[in-house]
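Quick notes on the structure that follows.
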Amino acid sequence: MSIFELIRASGLGRLGKLITSNGTVYTPELMPVFNPNKPLISTKELIKEFKIKILITNAYIIYRTPHLKSEAEKGIHNLIEFPGVIMLDSGAYQAWMYKKDLSVSNKEIIEFQDLLRPNIATILDIFTDTDDYETAKKGVIETINRAKECIKVRDQDNQDILWAAPIQGGKFLDLIEYSAKKLSKLDFKYHPLGTLAPSLMNYEYRGVLDAIATAKLNMNSSRPLHAFSIGHPMFFSLSVLFGSDLFDSSSYALYAQNNRYITTFRTFNLNDLVEFPCTCPICSKYTPEELKRMDKENRIKNLAKHNLYVCLGEMKIIREAIRRDKLWELVQSRVRAHPNLIDAYFYNLMKYHKKIEIYDTLTKRTAFFYSGLDSLLRPEVLRHKKWLIDRYSPPSASILIILIDIIFRTLESKYFKVWTEKIKGIIYNINNLSEKDIHFCILSPIFGIIPIEIAESYPFSQYLYPNIFFESLSDHVSSIFKDYIKAFHTNYKKIIIFYPELTLKKKEIYKYPEIKLDTLPDDILKENKVYIVKNIEDIEKLLT
């Protein structure tokens, strides 16, 4: 019996546990593609050197290979000598790649997989790589019909097989949504997302990520989402953030056959390298020149091993990032590797940020890092903006004093204590005024208005940003300030924004985002109760 358990979430991504009769796999994880006819890296090496616990091989390749097919009754684990978790693909990719009829029916490939007894088996779906909507729609409907056929013909007594029904639709998102919803209602426990390869080959990451998010948001969330064909580590973390749980790829081998050397940030041609930017066992043992001088077979094998080490290593980095609540920060760094990754990230973050916010965890173990305007679309920022206006109620105080957080970052800051004590001293010497009449808030370039009573909660006491600000952050801060004042200006007789001279002296280093008062509605401006001051004496004048 196979079970998928959620451990921790981040964005639409998650750290999970796939429990099968042949072991437990922690996701996100990559399944290396193993071709039993061309075992570039043997299963013994995969186990011993790479500690592989899950791989994917192809039922159709075994079906069409006489000597393998004749031994199918042994079971796939004995056939390829791998005791771990095995997924079988059905041959749909081969039908697309080689543009030919497989001469095998869905029913036959399902019954053959029952005979092989894998941990995960896949129906013979229809690849929907087409610009024609009606053709893609027919492929989706046929895939759903084949999923229904699978339920009828598969071995009902074998509960150890996790049957997979691929979500199809190609470039048509409404078809992906339709496919995901329909298949989620059927008796399957696992959903790959197909037809990603054509876009991946052209670095069309925006469309691929859009397809992943669409599938994830419309499928049964208790089931794993497997992104077929994603095989480059620079795209793994972004794919995970938007919903992918598992991956499979033969890229480690295919790239090696073309002398291509994979890293987490790009692919090199071996002939262009003087030194290896890696310390995996292969790169620690050989120099680029030594690999170039090897015979072709050994060079390809060693390159493939390096490529696989890098891909699997990135999966470890991603899983650890989710454990430590740092997946967003990892993605922010990885997408800078390629303009198309940045494009995909920004486009899909702008499109899906409200839905992602629903799934992202409320509190995290580590600090929020601002790395650019994309950070303003993160769940922590959006959630605070919504809470501030929809759910927050200011205390009953007649005066609002806003302190900028470059000086007052935490309540333990010496500046916070110095300035608040000075302000409290002023209050003490004014008749008919007490500390209860003052409501302190902090002005953050990231979160806008932070009421002092929540300043020590996550993420307000645990966020970092560079001291070089984009001018557009002034618009961001002013927008949040405007919304806050519009909602609560009747609560206050005076609103004072304090930009101390201590900060203003550092203009040569940075410019702190300034609130633009002219963005306030005219009726509020006419009340003449919003002030920006630069020193403590100005505050004293306003309070007396």
Side-chain angles (χ1 to χ4, degrees), residues 1-6 9 12-14 16-20 27 59 87-92 105-107 109-111 113-114 118-128 130 133-196 208-228 239 242-246 248 352 355-356 358-359:
M1 186 170 181
S2 301
I3 301 173
F4 183 73
E5 295 181 359
L6 173 67
L12 295 179
R14 53 195 180 175
K17 191 161 61 170
L18 182 63
I19 303 168
T20 78
T27 64
M87 179 176 181
L88 286 178
D89 196 6
S90 59
S105 69
N106 180 50
K107 181 176 181 291
I109 209 70
I110 289 169
E111 292 174 340
Q113 290 180 84
D114 266 330
N119 301 100
I120 308 169
T122 312
I123 67 167
L124 185 57
D125 53 311
I126 303 296
F127 222 76
T128 50
T130 176
Y133 183 85
E134 290 303 319
T135 300
K137 184 177 180 180
K138 288 178 182 178
V140 167
I141 292 172
E142 178 60 23
T143 295
I144 294 170
N145 289 335
R146 291 184 179 188
K148 293 176 180 177
E149 181 184 32
C150 174
I151 295 171
K152 294 178 181 178
V153 304
R154 70 195 187 195
D155 183 359
Q156 301 295 334
D157 294 328
N158 190 346
Q159 297 299 311
D160 287 338
I161 296 180
L162 193 67
W163 278 96
I167 297 168
Q168 289 289 357
K171 61 183 65 177
F172 303 105
L173 298 178
D174 63 322
L175 293 180
I176 292 175
E177 178 181 345
Y178 176 81
S179 178
K181 288 179 176 178
K182 287 292 185 180
L183 293 173
S184 290
K185 294 178 181 179
L186 301 179
D187 186 17
F188 287 87
K189 301 292 175 62
Y190 191 102
H191 293 296
L193 175 59
T195 318
L196 298 180
V208 173
L209 206 61
D210 207 351
I212 291 169
T214 300
K216 186 58 172 277
L217 290 168
N218 289 284
M219 63 178 275
N220 185 325
S221 61
S222 69
R223 304 173 186 178
L225 177 62
H226 175 154
F228 269 144
S239 302
F242 279 79
S244 300
D245 295 301
L246 291 121
D248 75 277
Y352 293 106
K355 293 181 179 179
I356 292 174
I358 296 171
Y359 292 89

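No experiment lies behind these values; they were computed from the predicted model shown.
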Can you tell me how far apart [atom1] ([X]) and [atom2] ([Y]) are? Round to the nearest 0.5 Å.
X	Y	atom1	atom2	answer
Glu149	Asn106	CD	CG	4.5 Å
Ile126	Thr135	CD1	OG1	12.0 Å
Arg14	Lys216	CZ	NZ	4.0 Å
Leu18	Asp245	CG	CG	9.5 Å
Asp125	Ser179	CG	OG	9.0 Å
Thr20	Ile120	OG1	CD1	7.5 Å

Nearest heavy atoms of [X] and [Y], plus distance in Å:
X	Y	answer
Ala227	Ser244	CB-OG, 3.5 Å
Pro118	Ala121	CG-CB, 3.9 Å
Gly169	Ala136	O-CB, 4.4 Å
Thr130	Phe172	O-CE1, 3.6 Å
Leu183	Arg223	O-NH1, 3.3 Å
Ala215	Ile167	CB-CD1, 4.1 Å

Residue that, paired with Thr128, satisfies side-chain hydrogen bond (donor to acceptor under 3.5 Å, both in side chains) out of Glu142, Lys137, Gln168: Gln168
Flag side-chain contact, heavy atom, 4.5 Å: [X] against [Y]:
X	Y	result
Met87	Asp248	no
Ser90	Ile123	no
Leu88	Thr122	no
Phe4	Thr27	yes
Ile110	Leu124	no
Leu186	Ile151	yes
Phe242	Val208	no
Asp114	Trp163	yes

Salt bridge (charged side-chain N to carboxylate O under 4.0 Å, His left out) partners of Lys138, counting only residues at least two apart: none
My understanding is that only residues two or more places apart in sequence, or in another chain, count here; which of them pass salt bridge (charged side-chain N to carboxylate O under 4.0 Å, His left out) with Lys181? Glu177
Can a donor-acceptor pair be found, under 3.5 Å and without considering hydrogens, that links the side chain of His191 to the backbone of Ala165? yes
Check whether Phe188 forms a cation-pi arrangement with Arg154 (NZ or CZ under 6.0 Å from the six-membered ring centre, at most 45° off the ring normal).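 Yes.
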Can you name the residues that form a ring pair (Phe, Tyr, Trp, His ring centres under 6.0 Å) with His226, not counting sequence neighbours?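 For His226, the residues satisfying ring pair (Phe, Tyr, Trp, His ring centres under 6.0 Å) (neighbours in sequence not counted) are Tyr190, Phe228.
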